[in-house]
2 protein chains.
Amino acid sequence: MDDELIKRLRKLIQHYAYTSIQMHEAVARKAGLSGTDHKYLGFLIERGQMTAGELATLTGLTTGAVTGLIDRLEKKNLVKRQFAQDDRRKVIIEPDTPAIMALLAPLYKEFRSKSENLIASFAEEELKILEAYFLAAIELMNETTNKLTNN
Amino acid sequence: MDDELIKRLRKLIQHYAYTSIQMHEAVARKAGLSGTDHKYLGFLIERGQMTAGELATLTGLTTGAVTGLIDRLEKKNLVKRQFAQDDRRKVIIEPDTPAIMALLAPLYKEFRSKSENLIASFAEEELKILEAYFLAAIELMNETTNKLTNN
DNA sequence: ACTAAATATCTTATTTACTAAGATAGTATA
DNA sequence: TATACTATCTTAGTAAATAAGATATTTAGT
């Protein structure tokens with residue numbers, strides 16, 4: 001197997017991550033959010049509603065910092081606090097997906113459609129290969145994250 | 001073309017970005033860096049030496065914040081300040097790549113080798129497809145970033 | 001060469017968002 | 001029905017950001 005190709009691809013993938021971070025940063029700024037607020041809002045959309053404690057674990061922030069984070073997002077009407085009916089100590093953070101989309105979608109709109117065009121430009125067999133790569137890479141990154149946070 | 005497959009892949013790629021951010025965050029914490037310091041250190045490695053002003057533009061931070069960022073990284077011996085010989089107002093930030101690697105490489109070591117194994121598990125023709133995707137996606141993200149920051 | 005304007009970084013005062021510790025309120029257990 | 005536990009919030013202090021302006025250097029016009 002071509003070792004050069006493997007090295008080149010690893011570097012390219014690293015560069016891809018860097019470029020992605022930059023783009024998300026630019027979107028955040030345009031949306032009037034701090035980089036971290038945008039990032040954590042992304043977590044909320046990705047995972048759906050969760051408790052303040054879960055968000056603290058997920059983000060690595062203290063519960064106090066999460067209180068502030070929710071306050072800021074709530075003030076912008078991007079999330080709502082709700083007490084859990086099964087345990088009234090718990091605060092469920094419910095992302096207001098339509099509001100979040102209304103804020104972010106225009107910024108991602110063109111990117112999204114061009115992304116879909118890019119994806120659609122590949123043959124079905126090729127997409128299966130991409131899918132296989134992404135699935136495996138996600139699993140690998142999750143493993144890495146878990147090892148780092150738990151040891 | 002299978003529309004479902006395209007949608008699924010777009011979501012998967014989005015999830016990939018999210019997972020990547022989480023991993024980098026975990027690495028930063030383990031390295032004793034703040035998330036943003038780690039991110040910007042990544043920018044420095046990626047781009048190589050640059051002036052304080054360029055870093056300010058790149059990060060979107062004010063020049064004052066960049067002064068603080070460089071101070072912190074310099075104190076940890078991860079970068080060095082140097083005056084440019086052609087223009088002595090300019091401060092060139094030179095990443096001390098060996099020192100940065102000594103700090104981060106152990107944390108990425110296993111991930112990196114497993115990544116290379118993953119890449120190597122694909123056939124050469126398949127890697128060409130991955131490469132084509134990543135190249136196009138990087139260009140697309142760069143375009144998006146430029147439009148957002150310049151309009 | 002001299003002056004004014006422009007540029008690059010740093011400094012200072014203020015604000016924002018974080019942590020750590022502890023308070024509050026609700027739940028589970030003995 | 002106490003007691004311990006859990007989930008979130010509050011408070012005080014700290015770290016890192018911004019905004020405005022200072023300092024030092026370069027560029028351009030005369």
Side-chain angles (χ1 to χ4, degrees), chain A residues 21-22 24-26 28-44 47 49-76 78-95 149, chain B residues 21-22 24-26 28-44 47 49-76 78-95 149:
Chain A
I21 289 171
Q22 270 200 302
H24 285 279
E25 192 104 336
R29 217 166 296 149
K30 204 76 177 178
L33 293 167
S34 78
T36 63
D37 284 8
H38 179 234
K39 180 169 65 190
Y40 298 145
L41 196 57
F43 286 16
L44 275 164
R47 295 277 192 110
Q49 64 168 217
M50 65 181 83
T51 66
E54 284 165 353
L55 187 57
T57 308
L58 186 63
T59 59
L61 297 178
T62 59
T63 60
V66 166
T67 298
L69 170 64
I70 302 168
D71 286 347
R72 291 191 300 278
L73 295 178
E74 201 175 35
K75 198 174 293 176
K76 294 199 159 111
L78 299 174
V79 307
K80 260 197 326 234
R81 275 185 171 92
Q82 253 177 255
F83 287 99
Q85 65 279 61
D86 66 315
D87 181 343
R88 299 207 351 258
R89 290 167 306 176
K90 285 186 185 166
V91 167
I92 294 177
I93 311 157
E94 179 143 30
T149 45
Chain B
I21 289 170
Q22 270 199 304
H24 285 279
E25 190 104 337
R29 219 166 292 151
K30 203 76 176 180
L33 295 167
S34 79
T36 62
D37 283 8
H38 178 234
K39 180 168 63 188
Y40 299 145
L41 196 57
F43 286 15
L44 276 164
R47 294 276 193 110
Q49 63 169 219
M50 65 181 82
T51 67
E54 284 165 352
L55 187 57
T57 308
L58 187 63
T59 58
L61 296 178
T62 59
T63 60
V66 165
T67 298
L69 170 63
I70 303 168
D71 286 346
R72 291 192 299 279
L73 295 177
E74 200 175 38
K75 199 176 293 177
K76 293 198 161 111
L78 298 173
V79 307
K80 260 197 327 234
R81 272 185 173 93
Q82 255 178 255
F83 287 98
Q85 66 281 55
D86 66 314
D87 181 343
R88 298 211 347 263
R89 291 167 305 177
K90 287 187 184 166
V91 167
I92 294 176
I93 311 157
E94 178 143 30
T149 45

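Quick note on labels: first sequence line is chain A, next is B, and so on, each numbered from 1.
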- Message: Any side-chain N or O of B:Arg89 below 4.0 angstrom from OP1/OP2 of D:dA24?
- Response: no
- Near DNA chain D, under 4.0 Å by heavy atom, which residues of residues 65-74 of chain A? A:Thr67
- By side-chain contact (heavy atoms from CB on, under 4.5 Å), A:Ala56 pairs with (sequence neighbours left out) A:Thr63, A:Val66
- Query: Reckon B:Thr36 has a side-chain N or O less than 4.0 Å from the OP1 or OP2 of D:dA17?
  - Reply: yes
- Message: A side-chain contact here means heavy atoms from C-beta on lying under 4.5 Å apart; do B:Val79 and B:Glu94 qualify?
- Response: no
- Note on the structure: Rounded to whole Å, CZ of A:Arg88 lies from C1' of D:dC5 at a distance of 18 Å
- Identify the 5'-most and 3'-most nucleotides of DNA chain C with at least one atom closer than 4.0 Å to a non-hydrogen atom of chain A. C:dA17 to C:dT27
- Note on the structure: Of all heavy-atom pairs linking A:Met50 and A:Phe43, the shortest is CE-O, 4.1 Å
- Looking across every strand, which nucleic acid part, if any, lies under 4.0 Å from A:Ser34 by heavy atom: base, sugar-phosphate, or nothing? nothing
- Query: Between B:Lys80 and B:Glu74, is there a salt bridge with N-O shorter than 4.0 Å?
  - Reply: no
- Task: Specify the separation, in whole Å, of atom CD of A:Gln82 and atom P of D:dA7.
- Result: 19 Å
- Query: A:Arg72 and A:Thr67: side chain to side chain contact (heavy atoms under 4.5 Å, CB included), yes or no, with the steps?
  - Reply: CA-CA 9 Å; A:Arg72 291 191 300 278; A:Thr67 298; over 6 Å; no
- Report yes or no: does A:Gln82 contribute a side-chain atom to a donor-acceptor pair with the main-chain N or O of A:Val91 at less than 3.5 Å? no
- Task: For residues B:Ile21 and A:Lys39, report the shortest heavy-atom separation together with the two atoms involved.
- Result: CG2-CD, 3.4 Å
- Toward the 5' end of DNA chain C, which comes first, B:Asp87 or A:Leu61, by nearest nucleotide? B:Asp87
- Item | Length of the line joining B:His38:NE2 and D:dA16:C1', which is rounded to integer Å | 18 Å
- Provide the closest heavy-atom pair for B:Ala28 versus B:Ser34 in the form atom of the first, atom of the second, distance. CB-O, 4.0 Å
